[in-house]
Amino acid sequence: MSGDHGQVNSGCKDSDPHKHRDKHKDKEHRHKDHRKDKEREKVKHSNSEHKEHAEKKHRDKEKLKHSDGSADKHREKHKERRRDDKIKSSHGDKYKKEKENGYVRNTSPAAIKSEPEEDNGFCPSPPHNKTFKQEYDDEEFEHKPKKVKTEHDKKAKKRKRDYEEDEEDEDIKPKKKTKDKKGMEGKKVKKEEAEKWKWWEEERYTDGMKWRFLEHKGPVFAPPYEPLPDKVKFYYDGKPMKLSAPCEEVATFFAKMLDHEYTTKDIFRKNFFKDWRKEMTSEEKSKISDLNKCNFSEMSEYFKAQSEARKQMSKDEKLKIKEENERLLQEYGFCLMDNHKERIGNFRIEPPGLFRGRGDHPKMGMLKRRIRPQDIIINCSKDSKHPKPPPGTKWKEVRHDNKVTWLASWTENIQGSIKYIMLNPSSRIKGEKDWQKYETARRLKKCVDRLRTQYRDDWKSKEMRIRQRAVALYFIDKLALRAGNEKEEGETADTVGCCSLRVEHIKLYPKLDDQEYVVEFDFLGKDSIRYYNKIPVEKRVFKNLQLFLENKQPEDDLFDRLNTSILNKHLQELMDGLTAKVFRTYNASITLQQQLKELTCPDDSIPAKMLSYNRANRAVAILCNHQRAPPKTFEKSMQNLQTKIDEKQSQLSAARKQLKAAKADYKASHDDKSKKSVEVKRKAVQRIEEQLMKLQVQATDREENKQIALGTSKLNYLDPRISVAWCKKWGVGIEKIYNKTQREKFAWAIDMAENDYEF
DNA sequence: AGTGTCACTTAGGACCCAATGA
DNA sequence: TCATTGGGTCCTAAGTGACACT
């Protein structure tokens with residue numbers, strides 16, 4: 001284990017914190033540092049390999065073996081490096097258990113939370129086990145979406161053309177259309193502003209400009225550090241020690257995390273300590289040489305007490321804080337873009353702290369430094385009132401770039417990437433993009449059959465790269481895998497997507513149980529969430545996979561002839577605006593639509609309909625592998641619910657008994673009073689039955705949802721118009737499926753989708 | 001084609017707070 | 001009235017993909 005991250009650490013050896021801002025340098029550094037001997041060996045190796053390849057090229061190509069070529073050189077090198085690392089780290093290490101909130105991440109297959117299961121009335125490998133063969137409405141392919149009534153005719157006419165016709169006939173991207181100055185911002189609104197602005201009824205910029213006017217007040221900075229009271233002591237080696245403010249601040253970051261398991265991790269501690277030392281005075285540095293001798297517990301206690309105190313605050317105090325937040329929101333939370341006041345998404349600058357990446361992140365524990373005004377680039381209109389930096393400070397730069405949507409940006413010191421302040425999802429600029437995304441997916445719907453036919457054809461290609469491309473595309477389509485860009489090794493956790501799958505991530509079973517040609521996937525995807533799935537594939541795919549695996553090591557790329565840019569270039573040729581991720585959107589949305597059709601029973605009660613909706617949503621979440629940690633209190637709350645159900649049940653039988661008795665009573669006496677009593681009892685039974693139903697539905701829903709997160713797909717993958725149409729069709733209140741924020745984000749869809757909307 | 005940069009979307013988890021129920 | 005709990009919001013990490021440059 002010790003050598004496991006040697007590479008990482010060597011890359012960070014330099015003690016200059018700003019080093020990390022420069023990715024390039026950093027990388028060079030790492031390359032150089034990386035075990036020189038191996039490096040030399042590698043060069044030799046790949047040279048000879050290269051030659052060999054060249055010689056065999058012709059023959060190989062015919063035979064479709066792994067041929068050639070210059071393109072591979074880089075990749076080979078990459079792989080070797082990986083291999084080297086792997087050898088050092090024990091293999092099992094990679095999926096080491098790491099419990100966080102009871103959720104097992106990176107676990108070994110046996111220990112893991114159940115793989116996507118099939119007991120949800122939906123098969124995880126889908127969507128097109130059926131769909132593939134199934135014909136889509138032919139009609140659907142012919143007509144343009146505009147046939148679907150989505151907007152109020154007059155107002156929307158122009159717009160519709162922009163979005164739907166233009167996009168189909170030409171391109172979605174406004175920038176392809178040059179100078180078509182339609183924006184006449186000045187005239188609009190003001191009046192409309194008071195009500196909700198329906199941006200979707202207006203014309204869109206088609207010249208690549210994102211806005212004409214932008215004014216805002218800049219970001220809100222993290223509050224400055226407040227030194228600890230003197231009574232709160234830090235101990236080194238048992239002795240109290242007063243720390244300088246900068247050093248103390250970083251120490252508090254660590255102290256605040258003490259309860260988290262990751263502060264016990266080697267890498268975390270190592271990274272933290274290294275960065276902490278950079279903040280120390282030379283005196284502190286010479287004293288504090290071992291993290292294990294540091295005692296942060298008083299600090300930790302102090303913070304716990306503080307948060308406890310915060311909870312105990314009086315109503316008044318709480319209200320005050322709330323008001324202050326509100327004031328801040330009002331002042332900084334909005335901007336003026338093209339005459340409309342729009343909500344900003346994240347107007348607060350990220351406070352300093354310790355970086356905690358997801359999964360096995362090599363940089364966990366590093367210090368995320370405080371962002372100052374001189375780190376910030378402001379973006380706004382020239383003719384706007386520029387935001388003022390805090391007194392005595394300056395912005396890094398003020399620019400006026402209306403080809404981008406961000407209001408402010410800064411470079412973060414961990415990965416050297418840029419962070420942005422942008423608008424809220426309810427804003428025009430985000431909404432338009434979102435709408436556009438679903439329109440692209442709908443265009444895919446129209447040609448997906450053709451594409452599928454094509455990639456199936458390509459499985460037979462005599463060119464390796466085409467076959468790989470076709471198989472990868474099949475996975476992306478069938479399994480809704482992400483594209484899988486390459487990432488820099490050692491900079492992030494080891495996760496993959498489709499194009500970056502490695503040999504070790506799949507297993508082939510010519511026969512498994514009663515299925516043929518089964519592929520087992522087991523890898524960590526985005527956010528180190530495990531993807532585990534066993535699916536039968538077509539014979540041809542299977543044979544191809546076998547071919548791709550030939551002569552490869554577990555750590556080699558499965559698709560060595562493919563990367564996302566090749567794939568996307570290909571997709572772009574097949575359909576304008578098509579990229580790998582469109583398949584996810586398309587398959588998610590089409591699955592929702594299908595499932596809703598299939599699951600919704602007209603006669604169901606509203607709760608039952610909601611269950612159907614959630615199940616349809618769930619089918620998508622499973623498809624997209626959107627997982628969550630089972631809530632900490634899951635078992636308990638489930639039990640509570642069960643108790644309630646039991647109670648209801650006994651209530652029900654009691655009520656039934658009473659009803660029976662009342663009936664008997666009535667039979668005997670036939671008087672008005674007993675008749676009334678029967679009615680009353682009958683109503684009671686009915687009411688209890690309903691309540692019981694509701695509870696049972698709730699229980700089912702919750703159980704099925706144990707480790708599936710519906711939010712992500714709802715927010716990012718499902719064409720909201722499908723849901724809106726469903727609500728309208730079945731008389732379900734929109735607020736049943738979308739909360740306030742979601743309704744704001746999807747205002748466009750809620751306004752324009754009728755109950756007959758078809759994705 | 002390879003590589004780096006930039007902009008923007010997608011993602012899960014922490015945390016907060018209001019509704020709910022004992 | 002208090003504790004629980006679950007939804008909603010916030011936070012920010014981690015992806016995708018376009019593009020410029022070489």
Side-chain angles (χ1 to χ4, degrees), chain A residues 22-25 27 69-75 100-101 103 105 173 175 210 260 307 310-311 318 321-322 325 345-351 353 355-359 361 363-364 368 379 401 403-406 409 411-412 414-420 422-425 429-430 433-434 437 482-488 491-493 495-500 525-529 563-569 571-572 577-582 584-585 624-629 631-634 636-637 640-641 643-644 698 702 705 707 709-713 715-717 738-742:
Chain A
D22 194 333
K23 252 186 180 170
H24 185 64
K25 256 190 228 158
K27 193 181 143 208
S70 52
D72 276 359
K73 227 161 73 183
H74 168 77
R75 213 174 295 142
E100 283 170 358
N101 307 318
Y103 177 51
R105 187 172 229 152
K173 287 164 282 181
K175 61 185 91 101
K210 303 291 170 62
H260 286 282
S307 77
R310 225 172 303 131
K311 274 183 211 152
K318 278 186 180 169
I321 294 179
K322 217 173 160 186
N325 273 332
N346 56 327
F347 59 92
R348 284 169 211 273
I349 299 282
E350 299 173 17
F355 176 80
R356 172 65 181 135
R358 320 234 167 106
H361 199 115
K363 298 193 171 181
M364 64 169 88
K368 209 171 92 164
N379 193 33
D401 182 358
K403 293 222 176 5
V404 298
T405 67
W406 51 269
S409 73
T411 301
E412 155 267 356
I414 303 286
Q415 317 276 359
S417 65
I418 308 168
K419 300 246 180 170
Y420 303 93
M422 290 182 186
L423 296 194
N424 183 280
I429 216 159
K430 294 287 184 191
K433 202 77 185 296
D434 209 35
K437 172 180 78 187
R482 296 189 184 83
N485 285 315
E486 293 112 301
K487 349 197 276 171
E488 273 194 78
E491 301 287 306
T492 58
T495 62
V496 297
C498 185
C499 294
S500 49
K526 181 176 179 180
D527 293 322
S528 291
I529 294 294
N563 59 39
T564 53
S565 108
I566 295 171
L567 180 65
N568 281 335
K569 217 167 266 167
L571 291 175
Q572 181 59 46
L578 186 61
T579 63
K581 91 193 214 358
V582 177
R584 246 167 106 82
T585 311
C624 294
N625 200 39
H626 291 142
Q627 300 188 21
R628 64 164 183 174
K632 281 171 224 148
T633 52
F634 184 82
K636 208 172 99 201
S637 80
N640 287 348
L641 198 54
T643 318
K644 270 197 221 162
Q698 205 187 341
R702 198 184 295 173
N705 231 21
Q707 47 196 206
L710 300 185
T712 304
S713 48
L715 235 46
N716 300 301
Y717 288 103
Y738 290 141
N739 66 31
K740 186 162 159 283
T741 315
Q742 295 169 155

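Letters A, B, ... mirror the listed sequences (proteins, then strands); counts begin at 1. Note that the structure is a prediction, hence the values are computed from the model and not measured.
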Rounding to a whole Å, what distance do you find between [X]:[atom1] and [N]:[atom2]?
X: A:W406; N: B:dC8; atom1: CH2; atom2: P; value: 9 Å
X: A:K569; N: C:dC19; atom1: NZ; atom2: P; value: 11 Å
X: A:L567; N: C:dG17; atom1: CG; atom2: C1'; value: 12 Å
X: A:L710; N: C:dG8; atom1: CG; atom2: C1'; value: 14 Å
X: A:L571; N: C:dT16; atom1: CG; atom2: P; value: 14 Å
X: A:N424; N: B:dC8; atom1: CG; atom2: C1'; value: 15 Å
X: A:N739; N: C:dT9; atom1: CG; atom2: C1'; value: 9 Å
X: A:N568; N: C:dC19; atom1: CG; atom2: P; value: 12 Å

Is the shortest side-chain N/O distance from [X] to OP1 or OP2 of [N] below 4.0 Å?
X: A:T405; N: B:dC8; answer: yes
X: A:T579; N: C:dT16; answer: no
X: A:N716; N: B:dT9; answer: no
X: A:Y717; N: B:dT9; answer: no
X: A:K581; N: B:dT10; answer: yes
X: A:T712; N: B:dT10; answer: no

Go through the structure and list residues passing side chain to side chain contact (heavy atoms under 4.5 Å, CB included) with [X], not counting sequence neighbours.
X: A:K740; value: A:R743, A:E744
X: A:T585; value: A:K437, A:Y438, A:A441, A:Y717
X: A:A483; value: A:T564, A:A580
X: A:R702; value: A:F634, A:S637, A:M638, A:L641, A:Q698

Non-hydrogen side-chain atoms of A:L578 and A:Q572 separated by less than 4.5 Å: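 A:L578 vs A:Q572: side chains apart.
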What pairs with [X] under side-chain hydrogen bond (donor to acceptor under 3.5 Å, both in side chains), at least two apart in sequence or on another chain?
X: A:K430; value: none
X: A:T712; value: none
X: A:N424; value: A:S426

Expected rows: protein N/O vs nucleotides 15-22 of chain B N/O, under 3.5 Å:
residue : atom : partner : partner atom : Å
B:dA18  : OP1  : A:K322  : NZ           : 3.1

A:T495 and A:K487: side chain donor to acceptor below 3.5 Å: yes
Every protein N/O within reach of nucleotides 11-15 of chain C N/O, cut-off under 3.5 Å:
residue : atom : partner : partner atom : Å
C:dA13  : OP1  : A:K368  : NZ           : 3.2
C:dA13  : OP2  : A:K419  : NZ           : 2.3
C:dA13  : O4'  : A:R358  : NH2          : 3.4
C:dA14  : OP1  : A:R358  : N            : 2.6
C:dA14  : OP1  : A:H361  : ND1          : 3.3
C:dA14  : O4'  : A:D527  : OD1          : 3.4
C:dG15  : OP1  : A:T495  : OG1          : 2.7
C:dG15  : OP1  : A:D527  : N            : 3.2
C:dG15  : OP2  : A:K487  : NZ           : 2.8

Distance-minimising heavy-atom pair for A:N325 and A:R348: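 Residues A:N325 and A:R348, closest heavy atoms: OD1-NH2, 3.5 Å.
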Taking every non-hydrogen atom, the tightest pair across A:D527 and A:R358: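 A:D527 and A:R358 have their closest heavy atoms at OD1-NH1, 2.8 Å.
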Touch class at under 4.0 angstrom, heavy-atom based, for A:K740 against every strand present: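 Nothing: the residue A:K740, judged by heavy atoms under 4.0 Å, touches no strand.
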Sugar-phosphate only, base, or nothing, as touched by A:S409 at under 4.0 Å among non-hydrogen atoms: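 The answer is nothing, as A:S409 stays clear of every strand by at least 4.0 Å.
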Which nucleotide in B:dG2, B:dA1, B:dT9 has an atom nearest any side-chain atom of A:N563: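 In terms of side-chain proximity for A:N563, the closest of B:dG2, B:dA1, B:dT9 is B:dG2.
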Nearest-neighbour nucleotide for the A:A629 side chain, C:dG8, B:dC8, B:dG13 considered: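 Nucleotide nearest to A:A629's side chain: B:dG13.
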Pairwise 5' ranking along DNA chain B for A:V404 and A:S713, keeping only the more 5' one: A:V404
Find the distance between [atom1] ([X]) and [atom2] ([Y]) and round it off to the nearest 0.5 Å.
X: A:N568; Y: A:N485; atom1: CG; atom2: CG; value: 8.0 Å
X: A:T492; Y: A:H361; atom1: OG1; atom2: NE2; value: 6.0 Å
X: A:R482; Y: A:C499; atom1: CZ; atom2: SG; value: 13.5 Å

Grab the N/O contacts between the protein and nucleotides 4-6 of chain C below 3.5 Å, and write none if there aren't any.
residue : atom : partner : partner atom : Å
C:dT5   : OP1  : A:N640  : ND2          : 3.1
C:dT5   : OP2  : A:K636  : NZ           : 3.2
C:dG6   : OP2  : A:S637  : OG           : 3.2

Watson-Crick and G-U pairing of DNA chain C written in dot-bracket, each distance under 3.5 angstrom, with | for inter-strand partners: ||||||||||||||||||||||
Salt bridge (charged side-chain N to carboxylate O under 4.0 Å, His left out) partners of A:K210, counting only residues at least two apart: none
